[in-house]
Amino acid sequence: MSAPLALAGLLFAALTGQALAPVARRRVSALRHPRAAPAAPDFDPGRERRAEQRARALLRSCVGDREWAMYRDLGFISVAGGVGPRPAGYAYLIYPHRPIVAYVPGERRLLSEYCVRFPDSERPYGSERLPDADDVLAKWLALAADERGLVGEANMHLPGRQVDPLAVQRDLARLERWEAASVTAGASVRAA
Amino acid sequence: MRLLRMKPGHGEIVVAEGDIEVAEDEQRLVEAFRRELDAGLWAAVPLQDTSGRRRAAMVRDFSDIPRDAERVIFFPRAAGG
């Protein structure tokens with residue numbers, strides 16, 4: 001009775017081994033030769049730097065001198081909200097690749113953040129992200145031309161979802177110091 | 001007039017360029033304009049009013065572009081982040 005059972009066991013083991021052999025071979029092969037990651041264009045810091053230089057030149061040619069100097073010195077732009085030449089009592093901070101933040105000038109009070117992106121689906125060089133200055137310019141163009149349209153496309157949240165409110169308030173303090181220094185510098189130039 | 005397009009990893013590229021008062025150039029500009037809009041991009045014209053204030057206008061048709069505009073800038077359409 002035990003001999004037929006042992007024979008059946010051996011037969012089962014042999015058949016199972018034969019059936020699983022291809023799977024085992026593939027696993028071993030995968031361990032020995034890990035599959036190469038999909039080819040992505042090499043990251044070229046020089047290319048990104050040149051792209052940002054071009055984008056900065058375009059930004060400078062489109063926005064006013066004050067906004068350009070602000071981006072150069074502080075890394076963001078503040079623009080008044082509302083349609084028309086009269087200030088509407090609120091303004092926006094435009095950061096590269098971060099939400100637009102609405103705030104009350106003079107009070108450092110944050111109102112809301114508008115999460116909006118400008119992804120390029122063609123993904124040249126493997127990335128959908130515009131250069132920083134182009135992202136700022138895209139936001140500025142869209143806000144300047146159609147504030148309500150851009151706000152409508154964005155996801156609106158209370159401040160703090162994607163931006164750090166304390167960091168933004170520090171930026172507003174930097175902006176106030178920067179504007180005060182600009183006024184002083186302007187007055188000195190006019191007096192000279 | 002120059003039609004510019006923002007590009008990741010590059011900055012802007014010139015899509016088309018020409019004198020809008022020359023019929024052949026205008027036709028080329030119109031075709032390039034439509035091509036970019038058909039690709040899903042937004043188009044904006046940077047402007048400056050008489051007081052020197054910088055502003056912009058979104059354009060959806062070539063006829064919306066002021067005849068004296070120097071540039072039209074195409075950029076990817078906005079998406080909620």
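Order of the sequence lines sets the chain letters (A, B, ...), proteins ahead of strands, with each chain counted from 1. These numbers were taken from a predicted model, which means no experiment stands behind them. Hydrogens, waters and symmetry mates play no part in the numbers below; they use all other heavy atoms, side chains included.
Tested against A:L93 for a side-chain contact (heavy atoms from CB on, under 4.5 Å), the candidates A:I77, A:L175, A:V79 yield a single pass: A:L175.
B:I73 contributes atom CD1, which lies 8.0 Å from atom CD of B:E12 (distance to the nearest 0.5 angstrom). In this structure, the separation between CG on A:L111 and OH on A:Y103 is 10.5 Å, given to the nearest 0.5 Å. To the nearest 0.5 Å, atom OG of residue A:S78 and atom CD of residue A:E179 are 6.5 Å apart.
The choice from A:P119, A:G149, A:P99, A:A57 that makes the most heavy-atom pairs within less than 4.5 Å of chain B is A:P119.
In this structure, the portions of A:V116 lying under 4.5 Å from any heavy atom of chain B include both its backbone and its side chain. Heavy-atom distances place the side chain of A:E48, and not its backbone, under 4.5 Å from chain B. Interface remark: B:A44 contributes side-chain atoms only to the contact with chain A (heavy atom separation under 4.5 Å). Contacts of B:L41 with chain A are absent, with no heavy-atom separation under 4.5 Å from either backbone or side chain. Neither the backbone nor the side chain of B:L47 comes within contact range of chain A; no heavy atoms are under 4.5 Å apart. With a 4.5 Å cut-off on non-hydrogen atoms, A:E122 touches chain B through its side chain but not through its backbone. With a 4.5 Å cut-off on non-hydrogen atoms, A:L143 does not touch chain B at all. When heavy atoms are compared at a cutoff of 4.5 Å, A:Q162 approaches chain B solely by way of its side chain, counted from C-beta outward. A:S61 touches chain B through backbone and side chain together, each having a heavy atom under 4.5 Å away.
Because its NZ or CZ atom is both nearer than 6.0 Å to the ring centre of A:Y125 and within 45° of the ring axis, A:R47 counts as a cation-pi partner of that residue.
Contacts with chain A (heavy atom to heavy atom, under 4.5 Å) involve these residues of residues 59-69 of chain B, listed by number: B:R60.
Heavy-atom contacts from other residues, nucleotides or ligands closer than 6.0 Å to CD of B:E17 number more than 12.
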Requested in this report: Test side-chain contact (heavy atoms from CB on, under 4.5 Å) on A:Q169 and A:D164 and set out the steps.
Outcome: CA-CA 9 Å; A:Q169 282 166 343; A:D164 175 1; over 6 Å; no

**Report entry** A:E52 and A:R56: CA distance, side-chain angles, deciding distance, salt bridge (charged side-chain N to carboxylate O under 4.0 Å, His left out) verdict
**Finding:** CA-CA 6 Å; A:E52 175 62 12; A:R56 282 177 172 237; 3.0 Å; yes

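Between B:R35 and B:D38 no salt bridge is recorded (no basic side-chain N to carboxylate O distance below 4.0 Å).
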